Colleague: 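I have a structure here, written as structure tokens, and I will follow up with some questions on it.
In what follows, chains carry the letters A, B, and so on, assigned in the order in which the sequence lines appear, proteins first and then strands, with residues in each chain numbered from 1. For clarity, every value in this text was computed on a predicted model and none was experimentally measured.
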Amino acid sequence: MPPIRWTSDPRGAFQDARRRLDVAHRARSRRAGRRRALLRHGRTSQEQGPRRLRHQHRPVVQAGVPSATALADALAKELQHADGIAAAEVAGPGFLNVTVSAAAQGEVARAIVEAGATYGTSDRLAGKRINLEFVSANPTGPIHIGTGRWAPVGDSLARVFIALGADVTREYYFNDHGAQVDRFSRSLLAVARGQEPPEDGYVGSYLVDIADQVVAGHPGVLELPDDEAKEVFRREGIELMFADIKQTLHDFGVDFDVYTHQQTLHDSGAVERAIDRLREMGNVYEADGAVWLRTQKYGDDKDRVIIRSNGAPAYISADLAYYLDKRERGFDLVVIMLGADHHGYVGRLLAMCQAFGDTPHENLEVLIGQMVNVVRDGKPVRMAKRAGSVVTIDDLIEALGVDAARYALVRYSTDSNIDIDLALWTSASNDNPVYYVQYASARLASILRNATELGIAWSAADFDPSLLASDREETCCGRWLSSPGGVRSG
RNA sequence: GCGCUCGUAGCUCAGCUGGAUAGAGCAGUGGACUUCUAAUCCACCGGUCGCAGGUUCGAGUCCUGCCGGGCGCACCA
């Protein structure tokens with residue numbers, strides 16, 4: 001064991017050497033204790049242009065520019081004597097393998113213990129205000145599994161941004177305006193009167209529950225004229241439905257900081273203000289009796305109507321106001337998470353962002369999550385009680401439990417549509433992905449418990465990092481070292 | 001017809017801004033273990049990265065065209 005005592009992160013030594021040589025680098029973690037570096041040269045100046053850069057990436061000798069191997073050699077020499085580094089050797093054309101000494105590598109254990117829960121966090125996004133809007137299911141029924149996918153994903157994303165030091169707000173856009181809500185209230189009224197729901201209405205036993213509650217709270221409601229009764233069912237029904245949704249999300253471990261009601265954007269004049277602003281920017285015009293936004297100018301397929309020829313605002317008008325509202329509330333980045341059935345909407349939202357004079361992907365990011373199906377033995381499952389109903393988050397939680405349900409939704413890339421196999425996720429077998437996580441947790445808890453029973457306690461003074469030298473420990477240290485990178489790129 | 005997205009090992013999926021022999025888990029095969037919870041561990045087996053071109057010193061990654069699955073293309077929300 002080389003008697004290398006190290007005092008700092010070996011990456012520091014690496015960066016020192018690099019700085020001295022004035023080369024750009026690319027480092028990647030490989031096996032435990034090793035870092036590999038691809039050397040690139042000639043990237044110190046951005047104005048070189050792509051063509052020349054490409055040539056300079058070639059690992060060949062050019063006039064006045066040392067070859068990659070020569071650079072690697074030089075870098076290796078610098079590194080060999082650096083603290084915490086056991087060996088540095090040139091491996092292939094342009095690659096440098098750096099072996100971190102066991103002692104240096106073991107230090108990561110100390111760093112983790114001392115940092116506790118803050119290990120892996122950073123201040124990379126410090127001062128940045130991010131608004132994450134997700135779920136935002138309409139209050140016309142329980143949360144469907146597709147939109148519900150964003151609940152754990154959006155929540156996890158929020159946690160990652162917070163770990164990076166950002167100031168994060170979780171927000172829910174509550175759509176209590178428009179035709180869907182009207183259909184909902186008509187459906188409630190029909191159900192309360194024991195009639196068939198309207199042709200275009202909603203079905204499901206939840207309607208009965210809501211209708212019963214409304215009637216219980218307003219005994220005379222069924223004797224009112226249709227319009228008045230419908231209004232009562234609208235107002236009360238939405239409140240009850242929304243309370244249900246909030247409860248479901250809360251049970252799912254997801255709570256929001258801000259709920260914005262679409263209706264308030266219309267009532268407060270925010271929509272008009274947003275349109276005025278866009279008009280000032282020269283991006284609004286009138287044609288065919290309607291008011292249009294010039295989204296095509298900013299990459300959308302066509303311009304979009306924001307005020308219909310009948311005078312009613314189109315759906316997007318509230319989004320204009322909402323985006324502006326978020327920006328005025330001081331958010332640098334506005335993230336909106338939508339289901340794949342809304343992906344056609346992305347283009348016009350990004351165009352809107354630009355129409356306001358903002359920069360897409362910098363001030364506005366629209367994420368699309370693909371569809372979620374629930375299957376059993378390969379066949380789609382409908383769990384709710386009445387035909388026509390869809391699988392809800394409540395159903396999923398009931399079937400899998402909160403932890404497994406969250407994990408089943410977070411585990412996969414949101415770019416892929418997923419089939420959640422109930423048989424798989426509820427099975428007591430190795431096939432069940434959630435078992436791995438639970439077992440790992442159980443084993444770690446067990447180690448700590450046994451350590452306590454044996455009277456073993458952490459002591460910074462007695463800690464000898466060089467003892468963490470076995471292959472297994474090397475692997476662990478490597479993972480630990482690279483895990484903050486995962487948070488960073490997340 | 002147009003657009004978005006997926007197509008990587010038998011199965012379910014990773015693969016970051018293109019970089020060294022493409023990685024995990026499960027399944028399969030062969031071992032280990034009088035157990036820090038057998039809900040275990042180790043090893044092996046297994047891949048024309050949908051197909052065909054192209055760009056590049058280098059492509060699973062970028063571009064073009066096909067094929068296949070999903071989802072959309074409203075003065076609906």
Side-chain angles (χ1 to χ4, degrees), chain A residues 26 28-30 36-40 50-51 54-60 68 90-97 136 138 140 146 173 175-184 200 262 287-292 300-319 338-348 366 368-373 378 408 411-421 424-425 427-454 456 471-472 482 485-486 488-490:
Chain A
R26 182 184 178 85
R28 314 193 112 210
S29 60
R30 201 188 173 194
R36 56 184 174 179
L38 164 65
L39 298 178
R40 288 181 170 180
R51 184 92 192 127
R54 207 158 49 225
H55 279 284
Q56 293 201 339
H57 283 179
R58 281 187 191 176
V60 295
V90 179
F95 288 90
L96 177 65
N97 283 340
S136 298
N138 289 343
T140 52
Y173 185 43
N175 182 351
D176 53 353
H177 177 95
Q180 295 193 12
V181 168
D182 189 56
R183 292 214 311 261
F184 177 63
D200 60 347
Q262 187 183 356
D288 304 329
V291 180
W292 298 71
D300 195 10
D301 298 333
K302 49 178 268 195
D303 289 345
R304 303 293 172 176
V305 168
I306 50 181
I307 303 290
R308 293 188 269 159
S309 52
N310 67 6
Y315 180 76
I316 194 174
S317 65
D319 274 334
L338 300 172
D341 51 343
H342 288 87
H343 79 256
Y345 212 61
V346 177
R348 73 195 74 168
V366 184
I368 296 298
Q370 297 298 318
M371 297 286 139
V372 179
N373 296 307
R411 191 166 190 263
Y412 307 96
S413 161
T414 50
D415 287 337
S416 306
N417 43 3
I418 50 178
D419 292 334
I420 296 177
D421 189 325
L424 174 69
W425 284 87
S427 69
S429 78
N430 287 339
D431 298 339
N432 189 342
V434 81
Y435 266 60
Y436 250 82
V437 180
Q438 289 177 342
Y439 184 60
S441 171
R443 288 293 290 266
L444 288 171
S446 164
I447 289 171
L448 291 175
R449 191 180 60 242
N450 291 341
T452 306
E453 281 168 12
L454 293 169
I456 299 169
D471 284 352
R472 205 66 69 82
S482 57
R488 232 172 283 139
S489 61

Colleague: To the nearest Å, give me how far apart OH (A/Y439) and P (B/C26) are.
Modeller: 13 Å
Colleague: Would you kindly give the OH-to-P distance between A/Y435 and B/U40, to the nearest whole Å?
Modeller: 10 Å
Colleague: Regarding A/R443, tell me which of base, sugar-phosphate or nothing describes its non-hydrogen contacts under 4.0 Å with the strands shown.
Modeller: base
Colleague: Looking at B/U40, which nucleotide sits across from it as a Watson-Crick or G-U wobble partner, both distances under 3.5 angstrom, or is there none?
Modeller: B/A32
Colleague: In whole angstrom, give me the gap between the P atoms of B/C51 and B/C73.
Modeller: 32 Å
Colleague: Rounded to whole Å, how long is the line connecting atom CD1 of A/I418 with atom P of B/U5?
Modeller: 18 Å
Colleague: Please name the nucleotide paired to B/A59 by Watson-Crick or G-U wobble geometry with both distances under 3.5 Å, or report none.
Modeller: none
Colleague: Take the protein atom CG of A/D415 and the nucleotide atom P of B/C13, then report the distance between them rounded to whole Å.
Modeller: 13 Å
Colleague: What's the CG-P distance between A/L424 and B/A39, to the nearest Å?
Modeller: 18 Å
Colleague: Pairing check on B/C45: which nucleotide meets the Watson-Crick or G-U wobble criteria with it, both distances under 3.5 Å?
Modeller: none
Colleague: Would you name the heavy atoms of A/N417 and A/Q370 that are closest together and state the gap between them?
Modeller: N-CB, 3.5 Å
Colleague: Quick one: closest heavy-atom pair of A/N432 and A/S427, and the distance?
Modeller: ND2-O, 3.0 Å
Colleague: Across all strands, who's sitting opposite B/C26 as a Watson-Crick or G-U wobble pair, both distances under 3.5 Å?
Modeller: B/G10
Colleague: Rounded to the nearest angstrom, tell me the gap between atom CD1 in A/I420 and atom P in B/C13.
Modeller: 11 Å
Colleague: Could you tell me whether a side-chain N or O of A/D431 sits under 3.5 Å from a main-chain N or O of A/L424, the two making a donor and an acceptor?
Modeller: no
Colleague: Quantified in whole Å, what is the C1' atom distance between nucleotide B/C57 and nucleotide B/G18?
Modeller: 12 Å
Colleague: Is it true that a side-chain atom of A/D182 and a backbone atom of A/F184 form a donor plus acceptor pair closer than 3.5 Å?
Modeller: no
Colleague: Any base atoms under 4.0 Å from A/S413, or only sugar-phosphate, or nothing? Heavy atoms, all strands.
Modeller: sugar-phosphate
Colleague: Shortest non-hydrogen contact from A/S136 to A/Y173?
Modeller: OG-N, 2.9 Å
Colleague: Calculate the interatomic distance between A/Y173 atom OH and B/A77 atom P; express it in whole Å.
Modeller: 11 Å
Colleague: Suppose you measure atom P in B/G28 against the same atom in B/U21; what distance do you get, rounded to whole Å?
Modeller: 32 Å
Colleague: For the backbone of A/A287 and the side chain of A/W292, can you confirm whether one donor and one acceptor N or O come within less than 3.5 Å of each other?
Modeller: yes
Colleague: For A/I447 and A/I368, take the nucleotide of RNA chain B holding the closest heavy atom to each; which residue's nucleotide lies nearer the 5' end?
Modeller: A/I368
Colleague: Taking atom P in both B/C42 and B/U8, what distance in whole Å separates the two?
Modeller: 27 Å
Colleague: Taking the same atom, P, in B/G46 and in B/A22, what whole-Å distance lies between them?
Modeller: 14 Å
Colleague: Taking the side chain from A/T452 and the backbone from A/L448, do they hold a donor-acceptor pair closer than 3.5 Å?
Modeller: yes
Colleague: Could you let me know what B/U21 is paired to, Watson-Crick or G-U wobble, both distances under 3.5 Å, or none if it's on its own?
Modeller: none
Colleague: Both distances below 3.5 Å, Watson-Crick or wobble geometry, any strand: find the nucleotide opposite B/C66.
Modeller: B/G50
Colleague: Distance check, P atoms only: B/C26 and B/G7, in whole angstrom units.
Modeller: 22 Å
Colleague: What are the two closest heavy atoms between A/A408 and A/I418, and how far apart are they?
Modeller: O-CD1, 3.9 Å
Colleague: Please state the P separation for the pair B/A74 and B/G15 - nearest whole angstrom.
Modeller: 33 Å
Colleague: With the criterion being N/O to N/O and under 3.5 Å, what pairs connect the protein with nucleotides 67-75 of chain B, and how long is each?
Modeller:
{"unit_1": "B/G70", "atom_1": "O2'", "unit_2": "A/N417", "atom_2": "ND2", "d": "3.1"}
{"unit_1": "B/C71", "atom_1": "O2'", "unit_2": "A/A340", "atom_2": "O", "d": "3.0"}
{"unit_1": "B/C71", "atom_1": "O2'", "unit_2": "A/D341", "atom_2": "N", "d": "3.4"}
{"unit_1": "B/C75", "atom_1": "OP2", "unit_2": "A/K302", "atom_2": "NZ", "d": "3.3"}
{"unit_1": "B/C75", "atom_1": "O2", "unit_2": "A/S309", "atom_2": "N", "d": "2.7"}
{"unit_1": "B/C75", "atom_1": "O2", "unit_2": "A/S309", "atom_2": "OG", "d": "2.9"}
{"unit_1": "B/C75", "atom_1": "N3", "unit_2": "A/S309", "atom_2": "OG", "d": "3.3"}
{"unit_1": "B/C75", "atom_1": "N4", "unit_2": "A/D288", "atom_2": "O", "d": "3.3"}

Colleague: Donor-acceptor check, side chain of A/D288 to backbone of A/A290, threshold 3.5 angstrom: yes or no?
Modeller: no
Colleague: Can you tell me how far P in B/G50 sits from the matching atom in B/C6, rounded to whole Å?
Modeller: 12 Å
